[in-house]
Protein chains: 2
Amino acid sequence: MNKASGGSAGRPRSEEAHQAILDATLALLAEVGFSSLTVEGVAARAGVGKATIYRRWPSKVPLVVEAFGGLPAFEEADTGSLVGDLKAMLRAYLELFNETPLATVLPALASERAHDPALAALFNPVLRQRRSPLMNALERARARGEIPPDTDLELAADLIVGPIAVRLFFTGRRIQPKLVDPLVEMALGGIQKR
Amino acid sequence: MNKASGGSAGRPRSEEAHQAILDATLALLAEVGFSSLTVEGVAARAGVGKATIYRRWPSKVPLVVEAFGGLPAFEEADTGSLVGDLKAMLRAYLELFNETPLATVLPALASERAHDPALAALFNPVLRQRRSPLMNALERARARGEIPPDTDLELAADLIVGPIAVRLFFTGRRIQPKLVDPLVEMALGGIQKR
DNA sequence: TGGATATCGAAACGTACAGTATCGTAATCT
DNA sequence: AGATTACGATACTGTACGTTTCGATATCCA
């Protein structure tokens with residue numbers, strides 16, 4: 001009844017179960033991390049049989065990728081200046097790191113991606129998608145003449161989010177929102193003396 | 001005979017076996033990656049019993065951390081200018097990414113670190129150590145007046161290696177050495193128009 | 001020299017979990 | 001009503017972890 005009955009006969013897949021599985025995955029990721037996440041644990045937490053999970057996802061990793069896709073990303077901000085856009089977006093994004101499993105899931109998936117081309121194929125578009133508000137802000141800045149027209153925007157984006165990535169992956173200290181202002185100013189202005 | 005006979009009685013641990021285990025770990029890491037690395041595989045490759053491994057390392061992760069510690073890091077460069085130091089060090093470092101398991105081990109350990117305080121305690125000093133040539137170069141630059149005296153050197157270092165980390169973890173494309181010049185110039189000079 | 005001790009490689013073991021298959025039941029389509 | 005498909009539960013196979021035991025071996029100390 002709730003299905004766009006274009007499919008074949010038989011009992012339709014439960015959308016409820018689908019969502020319960022994704023929710024359980026995120027909850028357990030936050031609790032135990034990726035490497036200790038078990039499909040059996042997800043099934044138990046979701047109140048679902050293992051077969052129901054494997055009927056939808058071929059293995060643990062794609063499941064985590066899809067669950068990850070439901071986590072919040074950059075929220076587009078258009079303040080009229082690049083510096084304003086960046087500060088607003090980064091500050092909001094950093095707050096999400098303290099409210100979601102983002103900070104643990106991201107490194108886990110990045111690590112798997114390196115040796116699993118299938119995961120990379122799944123994961124890469126998700127990452128590009130999440131990055132797009134940042135790229136849009138850079139493009140607006142270029143259109144306004146705030147940055148040189150021949151700027152390598154990908155590199156610029158990497159420069160801006162780079163310090164966050166480094167701290168996320170390597171130092172593990174919680175990333176303070178007050179880091180944002182000096183970060184943006186240093187990235188935009190450069191390190192060197194004028 | 002080869003031991004500093006300060007220890008207790010009994011057969012001393014074989015330094016040969018120790019090194020064979022570390023070598024086998026690095027070799028297998030390069031071949032199959034971290035998540036497919038098995039201790040049994042390491043034991044077989046090293047020609048060693050599993051007990052010999054577990055007698056020295058409590059589990060797979062600390063073993064990999066120690067093996068990782070044997071991989072090359074930044075090589076100190078002192079060219080007289082910050083831009084020269086950075087370009088030289090980054091270029092040399094990027095080449096190592098294509099010759100060692102660094103590119104796969106680094107994300108794997110970073111991912112584990114997030115949910116394993118014991119690993120973090122082991123891993124953090126190693127990371128700091130590897131970073132020191134970069135920090136030294138920044139300190140020299142500050143002493144020379146190339147960068148403002150109140151510069152946050154940690155943040156500056158993160159800004160410089162950030163784009164490499166982002167590409168390593170997220171885009172997975174091989175990192176081209178020719179990236180180094182624009183990267184260093186953008187980090188030092190800033191993105192914005194002058 | 002000889003006993004005590006700790007390591008060696010090898011192998012067996014218990015546990016945990018991935019992923020598959022099968023069960024009887026429930027929901028939907030024709 | 002009958003066919004079809006998903007459901008949760010459960011049993012199963014295979015793999016690998018981490019532990020333990022084994023007889024053999026190397027070193028220390030008296």
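Every chain is numbered from 1 and lettered A, B, ... according to where its sequence line falls, protein lines coming before strand lines. This is a predicted model, so every value here is computed, not measured.
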Annotated protein contacts, base or backbone, on nucleotides 14-20 of chain D with a non-hydrogen cut-off under 4.0 Å, one of B, S, - each: --SBBBB

Atom-to-atom span, CZ of A/Arg55 to C1' of C/dT22 - whole angstrom: 12 Å

Near-ring test B/Phe123/A/Phe170, centroid separation under 6.0 angstrom: no

A/Ile53 CD1 - C/dA21 C1' separation (whole Å): 16 Å

Spacing between B/Arg13 atom CZ and C/dG9 atom C1', to the nearest angstrom: 15 Å

Value in whole Å for how far the P atom of C/dC17 lies from CZ of A/Arg45: 14 Å

Side-chain touch A/Met135/A/Glu154, heavy atoms, less than 4.5 angstrom: yes

Pairwise N/O distances under 3.5 Å, protein to nucleotides 23-25 of chain D:
residue, atom, partner, partner atom, Å
D/dT25, O2, B/Arg11, NH1, 3.3

Salt bridge present between A/Glu146 and A/Arg140 (N-O < 4.0 angstrom): no

Results of salt bridge (charged side-chain N to carboxylate O under 4.0 Å, His left out) for A/Glu139 - residues two or more places apart only: none

Aromatic ring pairing A/Tyr93/A/Phe74, orientation class (parallel under 30°, perpendicular over 60°, tilted between): tilted

Whole-Å distance separating the CD atom of B/Glu15 from the C1' atom of D/dT27: 16 Å

Aromatic A/Phe34 / basic A/Lys60 pairing, under 6.0 angstrom, 45° off normal: yes

Polar side-chain atom of B/Thr25 near backbone of B/Val64 as donor-acceptor pair, under 3.5 Å: no

Same apolar cluster: B/Val61 and B/Val32, side chain cutoff 4.5 Å: no

